[in-house]
Amino acid sequence: MKIAIFPGDGIGPEVTAQARRVLDALDLPGLTLFEGDVGAIAYRRHGHPLPQETLEMARAADAVLFGAVGDFACDDLPRELRPEQAILGLRSELGLFANLRPAAGFPGLEHLSSLKPEVARSIDLLVVRELNGDVYFGDKGERTSAGGREGWDAMSYNEDEVRRIAHVAFRAAMGRSKRLTSVDKANVLETSRIWRETVIEVAKKYPDVTLDHMYVDNAAMQFVKSPGQFDTIVTGNLFGDILSDQASACVGSIGLLASASLGERQTDYGTFGLYEPIHGSAPDIAGQGKANPVAAVLSLAMLLRHSLGREEDAVRIERAVEGILADGVFGGDLGGSASTSDIGEAILARLDS
Ligand code: IPM
Ligand code: MG
């Protein structure tokens, strides 16, 4: 088993270090770890945010554990050299088209949500975000117009792209409460019209799943009004980016949510994937021991589940995290004073209890 760890920028190294402690504690037989550079740090060391060497390390691994990328010091670099290109490049080069972002309320944290506690308690959903298409990867550029410089980005989805993410979403819904909401903007966008028609066609193969459709603006409103109505959500790259950040604030903190990015490649142990917290590099708190490592540790749990076929270890980690949160081991993001390593330590101590 080979895991590649790419800590990246800002708080990335701090939070992945705690995930790595948890991984070490599991003492998995035959596990080899590799570490690679991504993001601004990779740009400084190798002249590119996603060096060829890092990409090859990822290709040779069974799974990738990713920290975060982003650095304000790179704001003026051309787009292809900016830190974000590391994660976008990995997603596209590795064919990781399906992004799973679970969001569920943690018992005892309801009062930390931006929503009323009784509303926050009802959150238990999975955002299935398409990750290889949409306006993210369409042609883009700058041109001159009568109104001055004009930026443009092409948005598109073809049927094959929609079909494969729809299948992932329907299968995920089958394993949950069999309700799927497809989020689009079909009242305005051609991209969304094809999206919706294709999802409806795929639905015929999953007669047990109840499918409904929602425009993204309405979904954003419904989400904060009554999140309990959602179970599995499937949506495109841009809408999924926005809705999944919104979901995290409703749970309590963006420092709590993990994600898995999966493609089609099967390994000897499961599906190859990249696992990362939903949060970014948070340069404002980097290097101060203030970051919450829970999202990174839960990303490791997802890695064990999807890529290494180690469901029991995944559940063990998830129980340990629930345990420390129930004990009130909170970092600054949750109004407490535990440091990044205190939280890692507490999770380790809980692993065997
Ligand atoms: C995310 C992030 C990325 C995205 C950025 C860092 C490119 O916001 O993973 O949600 O937009 O996909
Ligand atoms: Mg985002």
Side-chain angles (χ1 to χ4, degrees), residues 97-107 110 113 115-116 118-134 157-251 257-262 264 271 278 302 305-306 311:
F97 68 88
N99 187 216
L100 311 183
R101 299 190 160 187
F106 289 91
E110 297 85 357
S113 167
L115 304 178
K116 293 190 196 101
E118 64 275 19
V119 179
R121 202 167 292 132
S122 69
I123 302 176
D124 184 0
L125 57 89
L126 173 71
V127 178
V128 179
R129 169 188 175 195
E130 200 290 329
L131 210 53
N132 275 177
D134 204 349
Y157 266 122
N158 65 41
E159 291 175 294
D160 284 348
E161 289 169 326
V162 181
R163 246 179 238 127
R164 62 180 187 175
I165 192 69
H167 279 289
V168 171
F170 277 104
R171 284 199 297 270
M174 287 293 289
R176 296 175 51 96
S177 64
K178 302 193 173 61
R179 284 182 295 124
L180 179 64
T181 306
S182 172
V183 173
D184 62 35
K185 188 70 185 172
N187 51 344
V188 178
L189 303 174
E190 283 300 297
T191 314
S192 286
R193 185 176 59 79
I194 297 296
W195 175 281
R196 189 178 285 216
E197 289 172 11
T198 309
V199 171
I200 290 171
E201 167 210 306
V202 173
K204 295 188 186 125
K205 299 215 166 64
Y206 302 88
D208 295 339
V209 176
T210 309
L211 171 69
D212 63 357
H213 305 271
M214 224 181 250
Y215 298 139
V216 63
D217 49 347
N218 184 31
M221 188 266 281
Q222 296 293 335
F223 206 94
V224 285
K225 198 171 139 211
S226 54
Q229 69 184 289
F230 296 103
D231 182 69
T232 307
I233 294 175
V234 63
T235 190
N237 209 344
L238 182 63
F239 300 157
D241 181 43
I242 299 166
L243 289 178
S244 58
D245 268 29
Q246 189 182 28
S248 71
C250 297
V251 165
L257 298 192
S259 79
S261 303
L262 307 172
E264 262 147 19
T271 304
I278 286 185
M302 291 188 90
R305 169 173 296 126
H306 295 286
E311 176 68 21

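Basis for what follows: all heavy atoms, side chains included, without hydrogens, waters or symmetry-related copies. For this chain, numbers begin at 1 and follow the sequence in order.
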Novice: Report yes if the side chains of V183 and F230 come closer than 4.5 Å at any heavy-atom pair, otherwise no.
Specialist: no
Novice: For a quick test of reading the model, state the closest non-hydrogen atom pair linking F106 to V251 and the distance between them.
Specialist: CD1-CG1, 4.1 Å
Novice: Distance check, rounded to the nearest 0.5 Å: D212 atom CG versus Q229 atom CD?
Specialist: 8.0 Å
Novice: Kindly give the heavy-atom pair with the smallest separation between L257 and A103, and that separation in Å.
Specialist: CD1-CB, 3.8 Å
Novice: Nearest 0.5 Å, please: how far is CZ in F239 from OG in S182?
Specialist: 10.5 Å
Novice: Which pair of heavy atoms, one from G236 and one from W195, lies closest together, and at what distance?
Specialist: N-CH2, 3.6 Å
Novice: Verify side-chain contact (heavy atoms from CB on, under 4.5 Å) between E159 and V162, making sure each step is shown before the conclusion.
Specialist: CA-CA 5 Å; E159 291 175 294; V162 181; 5.8 Å; no
Novice: Given side chains that start at C-beta, do those of T181 and L211 come closer than 4.5 Å, heavy atoms only?
Specialist: no
Novice: Which pairs with one or both residues in residues 123-134 pass salt bridge (Lys or Arg N to Asp or Glu O under 4.0 Å), sequence neighbours excluded?
Specialist: D124-R176, R129-D241
Novice: Measure the shortest side-chain to side-chain distance between P227 and S122 over non-hydrogen atoms and say whether it is less than 4.5 angstrom.
Specialist: yes
Novice: Which pairs would a plain distance check flag for residues 198-208, meaning a side-chain donor or acceptor within less than 3.5 Å of a matching protein atom at least two apart in sequence or in another chain?
Specialist:
unit_1 : atom_1 : unit_2 : atom_2 : d
T198   : OG1    : I194   : O      : 2.6
E201   : OE2    : R163   : NE     : 2.9
Y206   : OH     : H167   : ND1    : 2.7

Novice: When the side chains of residues 213-220 are checked against the rest of the protein, which donor-acceptor pairs come out under 3.5 Å, sequence neighbours left out?
Specialist:
unit_1 : atom_1 : unit_2 : atom_2 : d
D217   : OD2    : K185   : NZ     : 3.2
N218   : OD1    : Q222   : NE2    : 3.2

Novice: Answer yes or no: is there a side-chain heavy-atom contact under 4.5 Å between V224 and C250?
Specialist: yes
Novice: So, taking the atom named CG in L189 and the one named CG in D184, what distance separates them when rounded to the nearest 0.5 Å?
Specialist: 8.5 Å
Novice: Taking the side chain as every heavy atom from C-beta outward, state whether T232 and L125 have any pair of such atoms under 4.5 Å apart.
Specialist: no
Novice: If the condition is salt bridge (charged side-chain N to carboxylate O under 4.0 Å, His left out), which residues does R193 pass it with, not counting sequence neighbours?
Specialist: E190, E197
Novice: Within the side chain of S113, is there an N or O that forms a donor-acceptor pair under 3.5 Å with the backbone of L115?
Specialist: yes
Novice: Out of curiosity, I165 CD1 to L131 CG, how far, rounded to the nearest 0.5 Å?
Specialist: 8.0 Å
Novice: How long is the span from the CD1 atom in I233 to the CG atom in L126, to the nearest 0.5 Å?
Specialist: 8.5 Å
Novice: Given E161 and F97, is the side-chain contact (heavy atoms from CB on, under 4.5 Å) satisfied, shown in steps?
Specialist: CA-CA 9 Å; E161 289 169 326; F97 68 88; over 6 Å; no
Novice: Would you say F170 and V234 make side-chain contact, with heavy atoms under 4.5 Å?
Specialist: no
Novice: CG of L100 to CG of L262: how many Å apart, nearest 0.5 Å?
Specialist: 5.0 Å
Novice: Taking only residues two or more places apart in sequence, or in another chain, which ones meet N99 in a side chain to side chain donor-acceptor pair (under 3.5 Å)?
Specialist: R101, S261
Novice: Output, in order, the C-alpha distance, side-chain angles, deciding distance and verdict of side-chain contact (heavy atoms from CB on, under 4.5 Å) for Y157 and N237.
Specialist: CA-CA 10 Å; Y157 266 122; N237 209 344; 3.8 Å; yes
Novice: Using a 4.5 Å cut-off on heavy atoms from C-beta on, say whether the side chain of R179 contacts that of V209.
Specialist: no
Novice: Output all residues satisfying salt bridge (charged side-chain N to carboxylate O under 4.0 Å, His left out) with R121, sequence neighbours left out; order by chain, then residue number.
Specialist: E110
